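Here is the structure we will look at.
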Amino acid sequence: MNYKDTINLPKTDFAMKADLVKREPELHRWWAEVDIYRAILNARRAAPKYVLHDGPPYANGEVHIGTGINKILKDIVVKYKTMRGFETPYVPGWDCHGQPIEHKVVTQLGRKAQTTPKAEIREMCKKYAESFIDIQRRQFKRLGVFGEWERPYLTFDPTYEASVLELFADLVEKGHVYRKLKPVHWCMSCRTALAEAELEYGDEKGPSIYVRFPLRTRVDKLFGVKLSDPGSVMIWTTTPWTLPANVATALHPQLNYALVKYESVALGRPETTIVAAPTVERVFGALGIKNFEVLGTAEGKALNGTEYTHPFINRTCPIVMADYVRVEDGTGCVHTAPGHGQEDYATGIEYNLPVLSPVDPDGRFTQEAEVFVGMNVFDADQKICKLLADNKTLLRQEEITHSYPHCWRCKKPVIFRATEQWFIAVDHANAREKALAQVAKTKWYPEWGEVRISGMLRERPDWCISRQRTWGVPIPAVYCQKCGKPFLTAENVRRTAAIFAKEGASAWFLQPASYFHSGGAKCEKCGGAEFRKEDDIFDVWFESGASHRAVVMKHEALSFPADLYLEGTDQHRGWFQLSLLPTVMSQGVAPFRAVLTHGFVVDEEGDKLSKSKAGGLLQAEELTDKYGADVLRLWTSSVNFTDDIPVSHKVIQERAEPYMKIRNTFRYLLGNLFDFDPTRHTVPLGQLHEIDRWALSRLQNLIRRVTSHYERFEFYRAYHDIYNFCVVEMSAFYLDIAKDRLYCSGADWTERRGVQTVLGTILDTLTRLVAPVLVHTAEEIWRNTSAHKKGSAAGSPGEVDSVHIATWPTVDPELVDVDLETRWDRLVKVRTDVLRELERLRKEKTIGSSLEANVTLHADDEKLYEFLKGYEKDLPMVFIVSNVKLGCGLLKGSTPGVEVQKLSILAKPSEHKRCERCWNRRDTVGKDTTHPALCARCVRAV
RNA sequence: GGGCGCGUAGCUCAGUUGGUUAGAGCACACGCUUGAUAAGCGUGGGGUCGGUGGUUCGAGUCCACUCGCGCCCA
């Protein structure tokens, strides 16, 4: 007789082979059919809300692994919170405006771009953005992310554009908005401002000059000498044309400066001048002056406030302090023109210096320059050198070649030119302090996020919100045609917002100024009645910073403030900060209650990813096509994402194995429950074997730990706990031991139904615990578990039966038994020692299968003996051997325990016959006449 | 150059208020099993805890410096 047919082997349709690439899209079809996102929300209609507000990715390019990780993490949070019983709407969005898209479109247009109307360019940009939204949406959905995919928020939607203006109107009303000069990269040939990304750096030949600025303040005492003349301070520059805008000279406060006496050919007498001490040799070498003498040195900060005379303009300027001053080139004394340089501008702000920009859009000097008015600035270089030489302030002039920015379009060198820009005042109405107070009230994950963003907020200058571009939301200001006075009122901004809500922001480019400016208004300054529209648009950060207004406050499913923002750490300066500031200014509170950040993807060596490097950026689609979304999600959940995230095919491939292990654990659970009906077969807790209660107690421990990890967004800890539970506690221990009872007991025996009772609970709980991460696999398991076998109701009748609507498991205190766990911890240690001894026998070829062995254990300790004695009849099952004998004292020829002291182990092959059915060696085999090949237990079973 | 982080086996992670020979899983090697079978089980090798110096009876853990890497600024 073939006894294999008489044992209860697992049966299931749940495939061992995952085949995720094929299976996941099938589930997606089902989810689409039942409208899973809507079904989940419907099931939570009465529940408290949990709002995760999506930071919009840029609508350009495909979804790469970094963007994919971000969306997966958000989805894990959303699915977890849903299971915790919250109504968890998720409205994804896209950042659609901005320079990169405009640049792409304008590049495609080539020369035609100059003559194409702005409204037309904007239409092309919109089409471009839409094409990538479609691609990215498909790729995000493929990851198993649920959300409002058919109604996402888009920053080019008229309602969104209107919201940006509504927010802006509040800020205008509260007095945060003002205009002032700021230097920008400027192409005088294209007559346009350029973004950093629009610059191309290349070598350029130009002048290099050393100039002395005559001092007005006497400094000799500072250097410990006495001189008859105040002397000078020496600067070096490669842009002589910026000298008309010079208003200061910057020195490093901690650097040593030398007072140098030298013979001046121009002056025909000795002169003293100041340069940084480390530069003396090099500078005077370059000047070709051999006779010089350092009279003394002084620290830079001692010279702070010293005054000098501008070399050719009637102007008195100060010496100021700046940390960026270097001594590698130049003199360590830096010519400072806040209208012509970024650092100069910052220094200008710090010292309240005037921002001079005596250059018109064509690059010609204006009246303000006082010299060479109307001349192109590059042409003026030589003239200015001549002027300096004539008034004896030029010490040296030569030609050098250096890296210089050029316009990406016309390839001509660009200049820094100060232009009027719109700003948001951070210190107005205590906004900075209020924002910092809100930061302190926000929960930051990880905690150092608070330190990081606070530091940035404390240091940040006013926010320049204007951009000289086309693809964005226009700044709705108008100017008096006659006198140029700008008009920006909350009323007009709100009027424009209403127009945008109906017609979209492109109306600004199609309609006249009068359409937006209240009729009959006259210029307060000159009485002019004609107005022109502002050309500038908003910084895209102002748009995304308005998402709380456009989305969280307006979308019917959401509520303000959001519970969570979740983005990369770069957004501490970006979206988090630039959402916080305007929200604090308009609403008085932060737009978020908590902020979670993740690190950046790096390569296997931990270096940043770059397109040029081998492999380049991994694309999400490439990974889902190769491994399946659940493997990608499992990998995402397994790393501590607050750090950098090393990513490669190898590390993701490595998660395919644990995925299979978890999958197989589920398959085994399902397989052994094929004939189990919980309503009829459940064995009460009191009748369960201790080891079954051990498994239930460990399961409670798992629930407790995993829940706490999810609450802290520490998914990698949940991954490790779940995985170790499957591998160590279930597969290698409990399930291995349970096989005999499952397979060989009679189908309906209590010992078998008891195990099944436990397996059913574990299956149900574990499916829920992995559902936020393994979204497809959990659903597949759920669908393979018929409704009546699930531990608790999935939802009300008529609802979609999805694991993602099910509720999160909670710890059942009745199932927790710490003492029992402690006892079994000890038994596991004994087991480890026994298995090591069995392995030794295997190596000697004495046994093969462990069931071939009998084990004798001796305890040289009374308490240990009593402990083992209490489990005597369970020990063969626990060790998976045929028989175990217990004894006291020492045992001849035995092996001492390693894990357990005072224990000695002796294993040898069993002398009994093998039961053909259960493979145990038993003395009862052969006793039965009908079934001579079976042991007594198996005779009963068949 | 500055601010904020990170650095424990090949990989992903544990390591309580400083306290014995630094743990787990995977990977690797060698076996067992063939009733979870493109599965399951066992045993084993592998780490100067980025480096140096210090505090201490004792440091992966505390302090200083240093190297490497990332994000954000300059």
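Within every chain, numbering begins at 1; the chains are lettered A, B, ... in the order of the sequence lines, protein sequences first and strands thereafter. Given the structure is predicted, the values throughout are model-derived calculations rather than measurements.
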Which nucleotide, [options], lies nearest any side-chain atom of [X]?
{"X": "Tyr743(A)", "options": "A74(B), A36(B), G3(B)", "answer": "A36(B)"}
{"X": "Arg452(A)", "options": "A74(B), U33(B), G3(B)", "answer": "G3(B)"}
{"X": "Arg573(A)", "options": "C73(B), A38(B), G35(B)", "answer": "C73(B)"}
{"X": "Tyr716(A)", "options": "U33(B), C71(B), C13(B)", "answer": "C13(B)"}
{"X": "Val602(A)", "options": "G42(B), G10(B), G70(B)", "answer": "G70(B)"}
{"X": "Glu839(A)", "options": "A74(B), G40(B), G42(B)", "answer": "G42(B)"}
{"X": "Leu835(A)", "options": "G42(B), A36(B), C72(B)", "answer": "G42(B)"}
{"X": "Ala732(A)", "options": "C71(B), U43(B), C41(B)", "answer": "C41(B)"}
{"X": "Pro10(A)", "options": "G15(B), A74(B), A36(B)", "answer": "A36(B)"}

Which part of the nucleic acid does [X] contact within heavy-atom distance under 4.0 Å: base, sugar-phosphate only, or nothing?
{"X": "Arg917(A)", "answer": "base"}
{"X": "Met456(A)", "answer": "sugar-phosphate"}
{"X": "Asp736(A)", "answer": "sugar-phosphate"}
{"X": "Glu350(A)", "answer": "nothing"}
{"X": "Glu604(A)", "answer": "nothing"}
{"X": "Trp635(A)", "answer": "nothing"}
{"X": "Gly606(A)", "answer": "sugar-phosphate"}
{"X": "Pro646(A)", "answer": "sugar-phosphate"}
{"X": "Arg717(A)", "answer": "sugar-phosphate"}

Pick the [atom1] atom in [N] and in [M], then give their distance to the nearest Å.
{"N": "U20(B)", "M": "C65(B)", "atom1": "P", "value": "29 Å"}
{"N": "G47(B)", "M": "A14(B)", "atom1": "C1'", "value": "15 Å"}
{"N": "A64(B)", "M": "C4(B)", "atom1": "P", "value": "13 Å"}
{"N": "A24(B)", "M": "U8(B)", "atom1": "C1'", "value": "13 Å"}
{"N": "G10(B)", "M": "U48(B)", "atom1": "P", "value": "8 Å"}
{"N": "C57(B)", "M": "C11(B)", "atom1": "C1'", "value": "38 Å"}
{"N": "G44(B)", "M": "G25(B)", "atom1": "C1'", "value": "16 Å"}
{"N": "C41(B)", "M": "A59(B)", "atom1": "P", "value": "40 Å"}

I'd like a table of atom pairs between the protein and nucleotides 6-8 of chain B - only N or O on both sides, under 3.5 Å - with the distance next to each one.
none

| message | Under the side chain to side chain donor-acceptor pair (under 3.5 Å) test against Ser638(A), which residue among His720(A), Arg717(A), Arg655(A) passes? | response |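 Passing option: Arg655(A).
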| task | Using the closest heavy atom to pick a nucleotide of RNA chain B for each, name whichever of Met730(A) or Gly455(A) lands nearer the 5' end. | result |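 Residue closer to the 5' terminus by nearest nucleotide: Gly455(A).
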| task | Specify the residue among Met660(A) and Gly449(A) whose closest nucleotide of RNA chain B lies further upstream toward the 5′ end. | result |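 The 5'-side residue here is Gly449(A).
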| Considering every strand shown, what is the Watson-Crick or G-U wobble mate of C30(B) when both distances are under 3.5 Å? |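 The base-pairing partner of C30(B), which may sit in any strand shown, is G42(B).
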Does [X] have a side-chain nitrogen or oxygen under 4.0 Å from the phosphate oxygens OP1 or OP2 of [N]?
{"X": "Lys4(A)", "N": "G35(B)", "answer": "yes"}
{"X": "Lys845(A)", "N": "C32(B)", "answer": "yes"}
{"X": "Arg667(A)", "N": "U37(B)", "answer": "yes"}
{"X": "Ser731(A)", "N": "C41(B)", "answer": "yes"}

| request: Assert yes or no for the condition that the ring centre distance of Tyr404(A) to Tyr201(A) is strictly below 6.0 Å. | output: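 No, the ring of Tyr404(A) stays outside the 6.0 Å limit from the ring of Tyr201(A), centre to centre.
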| When the aromatic ring centroids of Tyr743(A) and Trp919(A) are compared, is their separation below 6.0 Å? |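 Not close enough - the centres of the two rings lie 6.0 Å or further apart.
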| said: Within the supplied structure, the quantity of interest is the number of heavy atoms (other residues, nucleotides, ligands) at a distance under 6.0 Å from Asp13(A) CG; does it exceed 12? | reply: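 Not more than 12 within 6.0 Å, no.
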| message | On a heavy-atom basis, which atom in Val355(A) and which in Gly339(A) lie closest, and how many Å separate them? | response |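 Closest approach of Val355(A) to Gly339(A), heavy atoms only: CG1-CA, 3.7 Å.
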| message | Under a plain distance cut-off of 3.5 Å, with no hydrogens placed, do Glu567(A) and Asn70(A) share a side-chain donor-acceptor pair? | response |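 Yes, Glu567(A) and Asn70(A) have a side-chain donor paired with an acceptor closer than 3.5 Å.
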| field | Residues Glu839(A), Arg836(A): salt bridge by 4.0 Å N-O rule | value |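 Between Arg836(A) and Glu839(A) there is no salt bridge, as every charged N stays at least 4.0 Å from the carboxylate O atoms.
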| query | So, Lys650(A) and Glu654(A), do they make that salt bridge, N to O below 4.0 Å? | reply |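 Glu654(A) and Lys650(A): salt-bridged.
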| message | Consider side chain to side chain contact (heavy atoms under 4.5 Å, CB included). Of Leu851(A), Asn854(A), Leu838(A), which one does Val881(A) pass it with? | response |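 Considering Leu851(A), Asn854(A), Leu838(A), a side chain to side chain contact (heavy atoms under 4.5 Å, CB included) with Val881(A) is found only for Leu838(A).
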| task | Can you sort out which residues in residues 897-906 of chain A have a heavy atom within less than 4.0 Å of RNA chain B? Ascending by number, please. | result |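 Heavy-atom cutoff 4.0 Å gives no residues at all.
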| query | Hey, does the Lys NZ or Arg CZ of Arg940(A) hover above the aromatic six-ring of Trp749(A), less than 6.0 Å from the centre and inside 45° of the axis? | reply |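 That pair qualifies as a cation-pi contact.
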| task | Take Arg573(A) and Glu459(A) through the test salt bridge (charged side-chain N to carboxylate O under 4.0 Å, His left out) and record every step on the way to the result. | result | CA-CA 11 Å; Arg573(A) 176 167 295 272; Glu459(A) 298 289 316; over 6 Å; no
| query | Donor-acceptor pair under 3.5 Å: do we get one between Thr665(A)'s side chain and the base of A36(B)? | reply |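 Check fails, no donor-acceptor contact within cut-off.
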| query | Can you say whether the rings of His572(A) and Phe576(A) are parallel (under 30°), tilted (30 to 60°) or perpendicular (over 60°)? | reply |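 Rings of His572(A) and Phe576(A): perpendicular, over 60°.
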| Using the ring of each side chain (for Trp, its six-membered ring), is Trp694(A) parallel, tilted or perpendicular to Phe733(A), with breaks at 30° and 60°? |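 Perpendicular: the ring planes of Trp694(A) and Phe733(A) meet at over 60°.
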| field | Member of Phe592(A), Phe713(A), Tyr565(A), Phe641(A) meeting the ring-ring contact (aromatic ring centres under 6.0 Å, His included) criterion with Tyr445(A) | value |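 Exactly one candidate clears the test, Phe713(A).
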What's touching nucleotides 25-27 of chain B from the protein side, N or O pairs under 3.5 Å?
residue: G25(B); atom: O4'; partner: Asn724(A); partner atom: OD1; Å: 3.4

| Is there a side-chain contact between Ile762(A) and Phe725(A), using heavy atoms and a 4.5 Å cut-off? |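 Side chain of Ile762(A) against side chain of Phe725(A), heavy atoms only: contact under 4.5 Å found.
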